[in-house]
Amino acid sequence: MIQFRRRQRIFILSLLSLTVFAPLILFSDRVKLIAFNGRNELAEDLSSITYRRDTLKLNSLEKEDARGLEEPKQVVYKENDFVPRISYSSKQSNDTEESGIAGSRSKFLIRKGFNDDKKENHQIQLKGSSSISGEKKKFNETVSQYQRMNTQLQRTKHENVVGRIEQSDRKASHNHLTLHSQSHKASNERVMEIKDQIIRAKAYLLFAPPSSTSRLVKELKLRIKEMEHVVGEASKDSDLPRSALQKMKHMDGTLSKADRAYPHCHLMASKLRAMDYNAEEQVRTQQAQVSYLVHLAARTTTKGLHCLSMRLTAEYYALRPEERKFPNENKINDPKLYHYVVFSDNVLACAVVVNSTVSTAKKPEKLVFHLVTNSLYFPAISMWFLLNPPGKATLHIQNIDNFKWMSKYSGFKKENFSDPRYSSELNYLRFYLPDIFPALNKIVLLDHDVVVQQDLSSLWNSNLKEKVNGAVGTCQEGDTSFYRINMLINFSDPFIAERFDDKACTWAFGMNLFDLQQWRRLDLTAVYHKYLEMGSKRPLWNAGSLPIGWITFYNKTMVLDRRGHVLGLGYNSGIDRNEIERAAVIHYDGIRKPWLDIAMGRYKGYWTKFINYDHPLLQQCNLHE
């Protein structure tokens with residue numbers, strides 16, 4: 001009986017031990033599998049996040065090799081790159097590796113299980129009458145404790161990972177903004193790369209014989225054609241088609257083949273230098289042609305203006321002699337009125353000067369305009385103003401062929417230049433103003449390429465302080481109209497160097513007030529003729545009336561306020577619009593006159609607003625803004 005009870009007790013204890021140990025063993029294997037799968041999923045979800053590792057523990061990864069995981073890359077970061085890690089104890093505060101976490105979790109579970117087993121066996125030996133339900137209760141408590149510990153561990157781990165993700169997102173967002181700004185700055189990077197590829201391909205083509213039909217040559221020609229079609233007129237990457245990237249890859253492959261076929265770098269450099277030289281020569285040739293055509297356009301009368309002159313001339317000669325006269329002829333020589341002189345052979349230019357001056361004058365009835373032209377354009381200009389009278393102002397039109405006084409100046413001539421701006425007699429009649437207007441004491445000279453924007457009575461009433469000429473200075477450095485006197489006058493000549501200062505202030509023609517009485521006293525016309533005769537024998541100045549005007553009126557010019565006369569609208573595109581609108585007179589000096597097709601569009605409106613383009617004659621001659 002005693003032996004039977006002993007066997008029964010052993011049997012019960014064996015069953016009890018099996019009941020305790022079997023679930024623990026099975027559950028620990030399941031926990032390791034769950035930890036493995038959980039980390040595997042976490043690695044996939046957070047593949048873009050890199051964690052800091054002080055010491056990479058790869059022991060746990062040895063178990064994972066059988067499951068196909070790859071060894072993580074060893075990346076070293078600074079300690080402040082990421083948020084603090086989980087601390088498991090005071091001695092192990094730096095262990096944050098995933099494999100270390102899983103290994104610690106498994107070992108903790110096994111140690112915990114075996115300690116509980118020992119504790120349970122001791123209790124069983126002390127309390128042999130304990131029931132199986134009591135042991136199950138102990139087991140459930142152990143499992144619950146582990147689950148609570150695992151839940152806390154997972155929560156802490158999740159918070160750590162989320163913190164790292166947020167920090168990574170912030171860095172990614174910063175990098176995105178940086179890349180966006182860089183891409184904005186280099187928005188044409190791909191376009192420039194395509195053009196470089198085309199240049200390289202063309203350079204490689206030069207290595208092949210002209211009659212070569214090799215496969216590489218054909219491929220290079222095909223790629224060049226494709227890339228030229230892709231880039232087209234694109235100036236930035238957004239203009240390129242979607243196929244551009246693929247075409248660039250194809251071109252790279254072809255260039256790699258060419259690079260292997262032609263490996264000599266010095267030959268490639270020579271070819272590129274030759275291409276660069278040829279391109280520069282073509283640019284210089286084109287620039288010379290453009291310059292020639294622009295100057296040709298500046299010297300040529302446009303078809304519309306020629307048509308207008310012909311129609312006006314025909315109508316003028318259809319008039320009776322008495323119908324060709326202008327009113328108010330008694331005011332022509334009245335010295336109390338404001339007299340303005342314009343030398344021109346352009347109908348519309350004269351119209352703008354007269355119309356703009358009259359429209360801005362406070363007392364237009366006191367204005368007298370003297371228009372001086374040649375016999376070819378005298379009928380056309382006269383007819384225009386007979387059809388379009390200037391309001392209350394007085395008009396006097398003169399033909400230079402009727403100047404009887406010119407016979408006393410045997411040396412009078414125009415300079416021999418092909419450019420009519422320098423060779424026209426009208427350009428040099430300004431040096432004979434006292435002879436043209438013997439009854440006047442004062443007169444204002446206006447060039448035919450100016451527009452008057454303010455009343456000029458203050459200019460007319462200026463005190464020249466015994467000077468002959470009142471003009472706007474051009475001697476301020478940094479100004480667009482700046483001129484030094486030695487820029488147009490030859491100071492290497494002893495005669496010039498002894499009599500003139502190369503630092504003297506220069507001035508501009510275009511809006512000038514002349515004291516004709518003082519001019520006559522100093523006999524400046526004779527001085528002009530003396531210099532003109534000397535200049536015909538040796539080079540003393542550049543072409544044009546301006547340099548000889550500087551030496552004729554040297555020390556006899558009063559510099560006026562430069563804000564009254566703005567220059568450069570015929571060659572300088574950078575003049576401030578506020579400066580233009582504040583000026584009393586704006587001057588289209590240069591070759592790009594406002595009545596030509598080559599005029600600067602941004603300035604043309606100041607001139608065209610004084611022309612009525614609805615006029616029947618302008619419509620018939622196809623003249624428009």
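Residues: numbered from 1 along the sequence shown. Only heavy atoms go into these numbers, but all of them, side chains included; no hydrogens, no water, no symmetry mates.
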Exercise for the section: Quick one: pull up CG in L618 and CG in L623 and give me the separation to the nearest 0.5 Å. Expected result: 5.5 Å
Exercise for the section: Please check if the side chain of D589 supplies one atom and the backbone of G568 the other of a donor-acceptor pair under 3.5 Å. Expected result: yes
Exercise for the section: Would you sort out whether Q518 and L464 count as a side-chain contact (heavy atoms from CB on, under 4.5 Å), showing the intermediate values? Expected result: CA-CA 10 Å; Q518 188 70 4; L464 295 183; over 6 Å; no
Problem - Test item: Y531 side-chain N/O and G549 main-chain N/O as donor-acceptor pair under 3.5 Å - result: no
Exercise for the section: Indicate whether the side chain of S375 and that of D401 have a donor and an acceptor atom separated by less than 3.5 Å. Expected result: yes
Exercise for the section: Count the heavy atoms belonging to other residues, nucleotides or ligands that lie under 6.0 Å from CG of N461, then report whether that count exceeds 12. Expected result: yes
Handout entry: Side-chain donor/acceptor of Y554 to backbone N/O of D501, under 3.5 Å
Key = yes
Handout entry: Separation of C505 SG from N555 CG (nearest 0.5 Å)
Key = 11.5 Å
Problem - Working for salt bridge (Lys or Arg N to Asp or Glu O under 4.0 Å), residues E228 and K202 - result: CA-CA 12 Å; E228 287 178 343; K202 289 181 178 180; 3.2 Å; yes
Practice task
Taking S235 for its side chain and N188 for its backbone only, find out whether a donor-acceptor pair lies under 3.5 Å.
Solution key: no
Exercise for the section: Please determine, by modelled atom types, if N346 and S344 share a side-chain donor-acceptor pair under 3.5 angstrom. Expected result: no
Handout entry: side-chain contact (heavy atoms from CB on, under 4.5 Å) evaluation trace for V341 with L446
Key = CA-CA 6 Å; V341 59; L446 294 176; over 6 Å; no
Practice task
Say whether Y603 and R577, considering side chains only, have a donor N or O and an acceptor N or O under 3.5 Å apart.
Solution key: no
Practice task
May I ask you to test the V347-L312 pair for a side-chain heavy-atom distance under 4.5 Å?
Solution key: yes
Practice task
Search all heavy atoms of V566 against all heavy atoms of A583 and return the closest pair with its distance.
Solution key: CG2-CB, 3.3 Å
Exercise for the section: Report the residue from N441, N469, T525 that forms a side chain to side chain donor-acceptor pair (under 3.5 Å) with W519. Expected result: T525
Exercise for the section: Could you please spell out the steps behind the side-chain contact (heavy atoms from CB on, under 4.5 Å) verdict for Y428 and Y528? Expected result: CA-CA 10 Å; Y428 295 90; Y528 162 75; 3.5 Å; yes
Handout entry: Pairwise side-chain contact, T552 with I548, heavy-atom cut-off 4.5 Å (strictly under)
Key = yes
Problem - Side-chain (S382) to main-chain (P379) donor-acceptor, under 3.5 angstrom - result: no
Exercise for the section: Spell out, as yes or no, whether a donor-acceptor pair under 3.5 Å connects the side chain of N512 to the backbone of A471. Expected result: no
Handout entry: Closest heavy-atom pair and its distance - S545, F431
Key = O-CZ, 3.6 Å
Problem - Smallest separation among heavy atoms of C350 and L371, with atom names - result: CB-CD1, 4.3 Å
Fill in the blank from the handout: When rounded to the nearest 0.5 Å, the distance separating CD of E581 from CD of Q453 is 7.5 Å
Handout entry: Side-chain heavy-atom pair N333, F437 within 4.5 angstrom cut-off
Key = no
Exercise for the section: Might you work through the salt bridge (Lys or Arg N to Asp or Glu O under 4.0 Å) test for D237 and R190, ending with a clear yes or no? Expected result: CA-CA 6 Å; D237 293 348; R190 189 167 294 174; 5.1 Å; no
Handout entry: Salt bridge D597-K303, side-chain N to carboxylate O under 4.0 Å
Key = no
Handout entry: Option among L348, L308, L596 that satisfies the side-chain contact (heavy atoms from CB on, under 4.5 Å) test with T302
Key = L596
Practice task
Check the angle between the aromatic planes of H587 and H565 and answer parallel, tilted or perpendicular using the 30° and 60° thresholds.
Solution key: parallel
Practice task
Check whether any side-chain heavy atom of H396 sits under 4.5 Å from a side-chain heavy atom of F369, and report yes or no.
Solution key: no
Exercise for the section: Kindly say whether L319 contributes a backbone atom to a donor-acceptor pair with the side chain of R324 at under 3.5 angstrom? Expected result: yes
Practice task
Rounded to the nearest 0.5 Å, what's the gap from OG on S309 to CE on M383? Could you check?
Solution key: 13.5 Å
Problem - Heavy-atom side-chain contact between E579 and R582 under 4.5 Å - result: yes
Handout entry: Flag if over 12 foreign heavy atoms under 6.0 Å of OH, Y613
Key = yes
Handout entry: Main-chain N/O of R320 paired with E323 side-chain donor or acceptor, under 3.5 Å
Key = yes
Problem - Residues Q287 and R284: side-chain donor-acceptor under 3.5 angstrom - result: no
Handout entry: Spacing of CD belonging to E466 relative to CG belonging to D515, to within rounding of 0.5 Å
Key = 9.5 Å
Exercise for the section: Look up atom NE2 in H624 and atom CD in Q619, then write down how far apart they are to the nearest 0.5 Å. Expected result: 9.5 Å
Exercise for the section: Give the intermediate values and the outcome of salt bridge (Lys or Arg N to Asp or Glu O under 4.0 Å) for residues K236 and D239. Expected result: CA-CA 6 Å; K236 54 184 181 296; D239 297 335; 3.6 Å; yes
Problem - Over 12 foreign heavy atoms within 6.0 Å of CD, E365 - result: yes
Exercise for the section: Kindly indicate whether a cation-pi arrangement holds for R592 with Y571, taking the cut-offs as under 6.0 Å to the six-membered ring centre and within 45° of the axis. Expected result: no
Fill in the blank from the handout: Between T474 and T506 the two heavy atoms that sit nearest each other are OG1-OG1, 2.7 Å
Exercise for the section: Report, as yes or no, whether the 6.0 Å neighbourhood of atom CD on E233 holds more than 12 heavy atoms from other residues, nucleotides or ligands. Expected result: no
Problem - Exam field: side chain R538 to backbone G535, donor-acceptor pair closer than 3.5 Å - result: no
Handout entry: Check: D614 main-chain N/O paired with N612 side-chain donor or acceptor under 3.5 Å
Key = yes
Exercise for the section: Step by step, work out the ring-ring contact (aromatic ring centres under 6.0 Å, His included) result for F553 and F514. Expected result: CA-CA 11 Å; F553 297 103; F514 289 104; 5.6 Å; yes
Problem - Chi angles and distances behind the side-chain contact (heavy atoms from CB on, under 4.5 Å) call for H448, F343 - result: CA-CA 7 Å; H448 73 160; F343 298 97; over 6 Å; no
Practice task
Provide the closest heavy-atom pair for K331 versus V368 in the form atom of the first, atom of the second, distance.
Solution key: O-CG2, 3.8 Å
Handout entry: Sub-4.5 Å side-chain heavy-atom contact between M511 and V452
Key = no
Problem - Atom of P390, atom of V354 and distance for their closest heavy-atom approach - result: CB-CG1, 3.6 Å
Handout entry: T557 and W550 side chains, donor-acceptor separation under 3.5 Å
Key = no
Practice task
Using the ring of Y338 (Phe, Tyr or Trp, six-membered ring only), decide whether K366 places NZ or CZ under 6.0 Å from its centre and within 45 degrees of its axis.
Solution key: yes
Handout entry: Side chain to side chain, L456 and V585, heavy atoms closer than 4.5 Å
Key = yes
Practice task
Taking the side chain as every heavy atom from C-beta outward, state whether H339 and K442 have any atom pair closer than 4.5 Å.
Solution key: no
